[in-house]
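Heads up: the structure comes next, in structure tokens.
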Protein chains: 2
Amino acid sequence: MEPARKHSRKRDAILACLRGTTCHPPAEWVYRQLKPEIPDLSLGTVYRNLALFKEEGLIESVGTVAGLERFDGRTDPHCHFVCLGCGAVLDVETAELSDALIATAGRETGGRVTGYRLNYYGYCKDCKKNKNS
Amino acid sequence: MEPARKHSRKRDAILACLRGTTCHPPAEWVYRQLKPEIPDLSLGTVYRNLALFKEEGLIESVGTVAGLERFDGRTDPHCHFVCLGCGAVLDVETAELSDALIATAGRETGGRVTGYRLNYYGYCKDCKKNKNS
DNA sequence: TTCGTTGCAAACATTTTGCAGTTTC
DNA sequence: GAAACTGCAAAATGTTTGCAACGAA
């Protein structure tokens with residue numbers, strides 16, 4: 001049985017930090033963001049709590065970009081654009097997958113589909129420019 | 001300017017290995033697969049060549065599953081089902097995204113979309129059973 | 001007082017890299 | 001013979017973990 005959860009100021013701060021940004025940051029970014037405000041915060045705690053949130057479904061992973069796992073405080077169905085140039089991750093509101101499509105994937109594989117992740121890859125507004133060289 | 005490519009027996013074997021399986025393996029799997037046949041193969045070479053293939057578009061990454069990057073020898077548009085239980089990765093033939101949808105993502109973000117990755121997550125046929133406990 | 005939470009640092013696992021020797025052209 | 005390729009082992013990187021101190025119920 002899993003342990004009864006207790007309240008924790010740091011945990012709250014980590015979740016709030018993630019929910020207060022749209023940059024889909026990695027653990028390290030959250031850590032650096034909160035460190036000035038909470039000087040006795042450790043990176044391990046950030047990792048531990050992010051893992052916890054993910055388990056509870058409070059946050060989601062966007063996947064690994066340039067070796068770093070990126071997290072998203074939003075959990076409603078939406079997609080992402082990942083810039084191959086600078087690593088920026090942007091929300092994409094359109095293109096929510098239909099239930100029918102998801103059901104088809106389950107039927108085809110014989111498994112049970114519980115979620116999906118749709119990432120577009122390419123070059124963002126800024127990196128698009130800089131590539132014309 | 002990038003170096004002129006030379007032929008290499010090991011490189012061929014690595015690509016052939018990846019193309020000859022549908023299990024979307026990580027680097028280590030490819031290494032273990034080829035090692036008996038090519039005793040003087042090193043893991044570093046597998047990593048180096050997989051990175052190279054990815055750059056050239058000969059293979060694609062399915063993303064990181066359980067801490068390991070998984071590769072796919074198929075490059076035609078299709079999706080994947082990732083089992084959260086055992087880590088199996090299966091091809092999903094249906095649900096190819098329309099060009100219109102992809103174009104919309106580009107327009108919405110202001111960037112240029114060069115590709116996408118659609119992963120379904122859930123429990124495969126076998127793991128589905130074992131979860132009824 | 002109990003038990004979850006945390007800091008710290010060490011441990012871990014995967015991937016990358018430098019260099020000297022080898023293979024390909 | 002020049003340049004790319006490779007083995008090997010060390011290094012780098014991101015993440016996890018053990019343990020003693022801390023904080024919440």
Side-chain angles (χ1 to χ4, degrees), chain A residues 1-18 23-56 58-72 82 87 89, chain B residues 1-18 24-56 58-72 82 84 87 89:
Chain A
M1 178 171 122
E2 60 227 10
R5 194 116 306 143
K6 278 188 182 170
H7 195 256
S8 141
R9 214 167 277 171
K10 286 167 187 172
R11 180 174 300 153
D12 291 347
I14 292 166
L15 186 54
C17 175
L18 202 54
C23 78
H24 311 84
E28 171 89 37
W29 186 94
V30 173
Y31 171 71
R32 280 204 310 268
Q33 198 74 9
L34 294 174
K35 188 67 174 173
E37 184 188 337
I38 311 173
D40 68 329
L41 178 68
S42 88
L43 188 52
T45 295
V46 175
Y47 274 107
R48 269 191 279 236
N49 280 293
L50 289 176
L52 217 143
F53 294 150
K54 200 162 65 164
E55 230 179 81
E56 292 175 334
L58 294 175
I59 69 172
E60 275 172 19
S61 172
V62 181
T64 298
V65 178
L68 302 187
E69 181 165 22
R70 304 283 288 264
F71 298 94
D72 191 347
V82 177
V89 177
Chain B
M1 178 168 122
E2 59 227 14
R5 196 116 305 143
K6 281 187 180 173
H7 195 256
S8 141
R9 213 166 279 170
K10 284 167 187 174
R11 181 174 301 155
D12 291 347
I14 292 167
L15 185 55
C17 174
L18 201 54
H24 310 84
E28 170 89 38
W29 187 94
V30 173
Y31 171 72
R32 279 205 310 268
Q33 199 74 8
L34 294 174
K35 190 66 174 173
E37 183 187 338
I38 310 173
D40 68 332
L41 178 68
S42 88
L43 188 52
T45 295
V46 175
Y47 274 105
R48 270 190 278 236
N49 281 293
L50 288 176
L52 217 142
F53 295 149
K54 199 162 68 163
E55 228 179 82
E56 292 176 336
L58 294 175
I59 68 171
E60 275 172 19
S61 172
V62 181
T64 298
V65 178
L68 302 186
E69 182 164 21
R70 305 283 289 264
F71 298 93
D72 191 347
V82 178
L84 300 170
V89 177

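Just so it is clear: chains get the letters A, B, ... in the order the sequence lines come, proteins before strands, and each one is counted from 1.
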Rounded off to whole Å, could you give me the [atom1]-to-[atom2] distance for the [X] and [N] pair?
X	N	atom1	atom2	answer
Tyr31(B)	dT15(C)	OH	C1'	15 Å
Glu28(A)	dG14(D)	CD	P	8 Å
Asn49(A)	dG4(C)	CG	P	15 Å
Lys10(B)	dT22(C)	NZ	P	12 Å
Trp29(B)	dT14(C)	CH2	P	17 Å
Leu52(A)	dT15(D)	CG	C1'	16 Å
Ile14(A)	dT5(C)	CD1	P	12 Å
Glu55(B)	dA4(D)	CD	P	14 Å

**OP:** Using a 4.5 Å cut-off on heavy atoms from C-beta on, say whether the side chain of Glu28(A) contacts that of Leu68(A).
**Re:**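 No. Closest side-chain heavy atoms not under 4.5 Å.
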
Original post:
Heavy-atom distance under 4.5 Å between the side chains of Phe53(A) and Leu15(A), does that happen here?
Top reply: yes

**OP:** Going 5' to 3' through nucleotides 20-25 of chain D, assign each nucleotide B (protein heavy atom under 4.0 Å from a base atom), S (under 4.0 Å only from sugar-phosphate atoms) or - (no protein heavy atom that close).
**Re:** ---BBS

Original post:
When you check every protein heavy atom under 4.0 Å of nucleotides 16-21 of chain C, what one-letter string (B, S, -) results, 5' to 3'?
Top reply: BBB---

**OP:** Begin from the C-alpha positions of Val89(A) and Asp72(A) and carry the test side chain to side chain contact (heavy atoms under 4.5 Å, CB included) through to its verdict.
**Re:** CA-CA 10 Å; Val89(A) 177; Asp72(A) 191 347; over 6 Å; no

Subject >> Neighbours of DNA chain C within residues 64-71 of chain B, by heavy-atom distance under 4.0 Å >> reply: Gly67(B), Leu68(B), Glu69(B)

Original post:
Does any pair with a residue in residues 24-52 of chain B pass ring pair (Phe, Tyr, Trp, His ring centres under 6.0 Å), and if so which ones, sequence neighbours excluded?
Top reply: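 Non-adjacent pairs meeting ring pair (Phe, Tyr, Trp, His ring centres under 6.0 Å): His24(B)-His80(B).
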
**OP:** Go through the steps to decide whether Lys54(B) and Ser61(B) satisfy the test side chain to side chain contact (heavy atoms under 4.5 Å, CB included), and finish with yes or no.
**Re:** CA-CA 7 Å; Lys54(B) 199 162 68 163; Ser61(B) 172; 4.0 Å; yes

Original post:
In terms of the nearest nucleotide of DNA chain D, which residue is placed more toward the 5' end: Ala4(B) or Thr45(B)?
Top reply: Ala4(B)

Original post:
Does a donor on one side chain sit under 3.5 Å from an acceptor on the other, for Glu69(A) and Thr64(A)?
Top reply: no

Original post:
Any idea which heavy atoms bring Cys17(A) and Val30(A) closest together, and the distance?
Top reply: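 That would be SG-CG1, 4.0 Å.
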
Original post:
Which heavy-atom pair separates Thr45(A) from Ile14(A) by the least distance, and what is that distance?
Top reply: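 Scanning both residues, the minimum pair turns out to be O-CD1, 4.0 Å.
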
Subject >> Lys35(B) side chain to Leu41(B) backbone, donor-acceptor under 3.5 Å >> reply: yes

**OP:** Name all residues meeting the salt bridge (Lys or Arg N to Asp or Glu O under 4.0 Å) criterion together with Lys6(B); count only those two or more places apart in sequence or in a different chain, and write none if there are none.
**Re:**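 In terms of salt bridge (Lys or Arg N to Asp or Glu O under 4.0 Å), with neighbours along the sequence ignored, Lys6(B) is linked to no residue.
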
**OP:** Kindly write out the residues that satisfy side chain to side chain donor-acceptor pair (under 3.5 Å) with Ser8(A), not counting sequence neighbours, or none if the list is empty.
**Re:**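 For Ser8(A) there are no side chain to side chain donor-acceptor pair (under 3.5 Å) partners, ignoring immediate neighbours.
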
